Amino acid sequence: MTGGGQALPPDPLPAPPPLADAGSGPAEPALGERPRVVSVLPDNPAVSRRFDYLVPERLDHQVRLGSLVRIDLSGRRLGGWVVADGVVPPPGVALRPLRGVTGFGPPVDVLELAEWAAWRWAGRPAHFLRTASPPGAVKGLPPPPTGRRPSGGNALAEEALAAGGGVVRLPPAGDLVGVARAAAARGPALVVAPSAELAGEVAGALRADGAVVALLPGGWARAAAGADVVVGARAAAWAPVPGLAATVVLDEHDEVHQEEAAPTWHARDVALERARRAGAPWVLTSPCPSLAGLAAGPQLAPSRAEERAGWPVVDVADRRREDPLRAGLYSPALVDLVRSAGPGRRVVCVLNRTGRVRLLACTVDGELARCEACGAAVAQDEGGELRCPRCGAARPAVCLVCGASRFKAVRLGVTRAREDLERLAGRPVALVTAAGGTEGDPAAPVLVGTEAVLHRVPGAAAVAFLDLDAELLAPRYRAAEEALALVARAARLVGPRNGGGRLLLQTRLPEHEVVVAALHADPSRVAEAEAPRRAALGFPPAAALAAVSGAAGEAFVEPLRGTLGLEVLGPLDGRWLVRAPGVTTLCDALAATPRPPGRLRVAVDPLRL
DNA sequence: CGGACAAGCTGA
DNA sequence: CAGCTTGTCCGG
């Protein structure tokens, strides 16, 4: 099967006992005096076993499946989750009593989901149960909801929900709240947003409708007590939602939905699996659906006119026409654009490179300036000397081939771009980087920065990508999707065309499907070009991949080499790639392979490759 | 994980 | 062979 089609639960491999009735089977019907015993999974990912404990009388009514409890384990006190109740402990073990109950924990369906996720992303259930647990102790729940269920909402979302599930292509200026509304109209809905900020906006809008909204992570108890809508960022995919009736993932293409650290779980896939288990319909929305998202179900697109209206005007500056030696990052169109900036008309320039200068080329023979000692590209330091970033050697700025002393920056960083733009625009230009700093006046009419600038600025009249080719040609298999996602983010920042929103794409690849897709407000062009490439190259969702690294990587990967249907590549840069035709084959194999001692990182579906 | 205990190394 | 390090196992 292909990746995004939701993975089946683990086959009965050497799988651990299912969480919800782990251990030793159900108790016989209370036949007199048998004491109550529960199985507890310790809150310590290094301990994957479950241990049985007696429930003291005084805690009896507080302990239920999922409860967060305190236990004694080999002399230490730990937290843990009750994962089975009424178990009959194996004979000959001296049981200890639970030390206490911390409070409410994940409901049974989430306990089972954690077990599935441990299989799906080669992790430990405890890791997921932490994410699924409330941020603080929850001793009691608020009264059940008395809200007004929202009605109406986005028509395409309603259509997708009625059909059991679908991917709604919602242009950048589209109404995300309307999608959440359509879901909540069907009953308790789970809405996973790409950021806490957006989650807050959705929560605010639905509260204004009169709905009872649990905004995660703070609203965990509200969610557990029942709510019309449970909404939050990534981790909300693990929130309790009694009576789950619909699941929504907003901006499913956004890579923030995936955890970077192993286990690399993806909120979209968690939400989809949850919907599947609950028999609830689902909606994924995106202005530019990912292939992984599209593999989950049918796509519902607005009319061409509607979709176009939701994107800004896009201009393409074809840098091929510019003199390759003299052409910098500043086409005439760009210069016009930055000169149009002013108070209330902010222009944002995106350049995904930090630093001042990356590569220098001799103005006479075009030779790149490289280190005499080690051959790395050298940069010009403040004093004008050429300094090697790799070995530290410095030398005067003289071409090694022709002796000329003038160099031209062929790849400019944002620091340099800020200075250049300030000169070209004749107005103050501020620099915004991911590191958090802003150089220059943050209220400046022109901002330049790496893609972080798109996250840090509240709005803009226009966004220019100074060098879109850096994204288009990035050596990552998802480069095209990522580039379009970046353009879509900029599109949301500037707003739709009827509000004057404008994007400028500077590129030497004007025929590239990402450029064409943006130009025509038709993201399907990227998906259509990309799908056959992924299939040909064996990349997700046409195949399932795991990246294995760490000192124990070799030992872990070795037994996988012989496994039927698996392909093990590497090591390359200390990393192995495990490829399988589908998620089930891959995850079954990973789950069946013992973990050798030592540092090991297994990233299933790695984002960056 | 962290403690318990067993199997190996060193110095006399 | 004591005294110590290193490794493996197990916990309720």
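If you're wondering where the values come from, they're calculated on a predicted model, not measured in any experiment. Scope of the values below: all heavy atoms of this structure, side chains included, with no hydrogens, waters or symmetry mates.
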What is the distance, to the nearest angstrom, from the [atom1] atom on [X] to the [atom2] atom on [N]?
{"X": "A:Asp43", "N": "C:dG12", "atom1": "CG", "atom2": "C1'", "answer": "17 Å"}
{"X": "A:Trp81", "N": "C:dG12", "atom1": "CH2", "atom2": "C1'", "answer": "18 Å"}
{"X": "A:Asp52", "N": "C:dG11", "atom1": "CG", "atom2": "P", "answer": "12 Å"}
{"X": "A:Leu73", "N": "C:dG11", "atom1": "CG", "atom2": "C1'", "answer": "5 Å"}
{"X": "A:Tyr53", "N": "C:dG11", "atom1": "OH", "atom2": "P", "answer": "11 Å"}
{"X": "A:Asp72", "N": "C:dG12", "atom1": "CG", "atom2": "C1'", "answer": "10 Å"}

For a 4.0 angstrom threshold against heavy atoms of chain A, report the outermost contacting nucleotides of DNA chain B in 5' to 3' order.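 The footprint of chain A covers B:dC1 to B:dG2.
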May I ask you to say what A:Arg76 touches in the nucleic acid, namely base, sugar-phosphate or nothing, with a heavy-atom cut-off under 4.0 Å?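 Result for A:Arg76 = base.
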Given side chain to side chain donor-acceptor pair (under 3.5 Å), test A:Asp588 with A:Trp119 step by step and report yes or no. CA-CA 7 Å; A:Asp588 281 351; A:Trp119 167 82; 2.9 Å; yes
Report yes or no: is the cationic atom of A:Arg478 (NZ for Lys, CZ for Arg) closer than 6.0 Å to the six-membered ring centre of A:Phe539, at no more than 45° off its axis?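 No - A:Arg478 does not lie over the ring of A:Phe539 by the 6.0 Å and 45° rule.
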Which heavy atom of A:Gly226 sits nearest a heavy atom of A:Val212, and at what distance?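 Looks like O-CG1, 4.4 Å.
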In chain order, what residues pass the side-chain hydrogen bond (donor to acceptor under 3.5 Å, both in side chains) check against A:Glu471, with sequence neighbours excluded?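 Only A:Asn352 meet the side-chain hydrogen bond (donor to acceptor under 3.5 Å, both in side chains) criterion with A:Glu471.
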Are the side chains of A:Arg50 and A:Pro125 in contact, using a 4.5 Å heavy-atom criterion?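 Heavy-atom side-chain distance check passes, below 4.5 Å.
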Apply ring-ring contact (aromatic ring centres under 6.0 Å, His included) to A:Trp121 and list each qualifying residue two or more places apart in sequence or on a separate chain.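 Residues passing ring-ring contact (aromatic ring centres under 6.0 Å, His included) with A:Trp121: A:Trp116.
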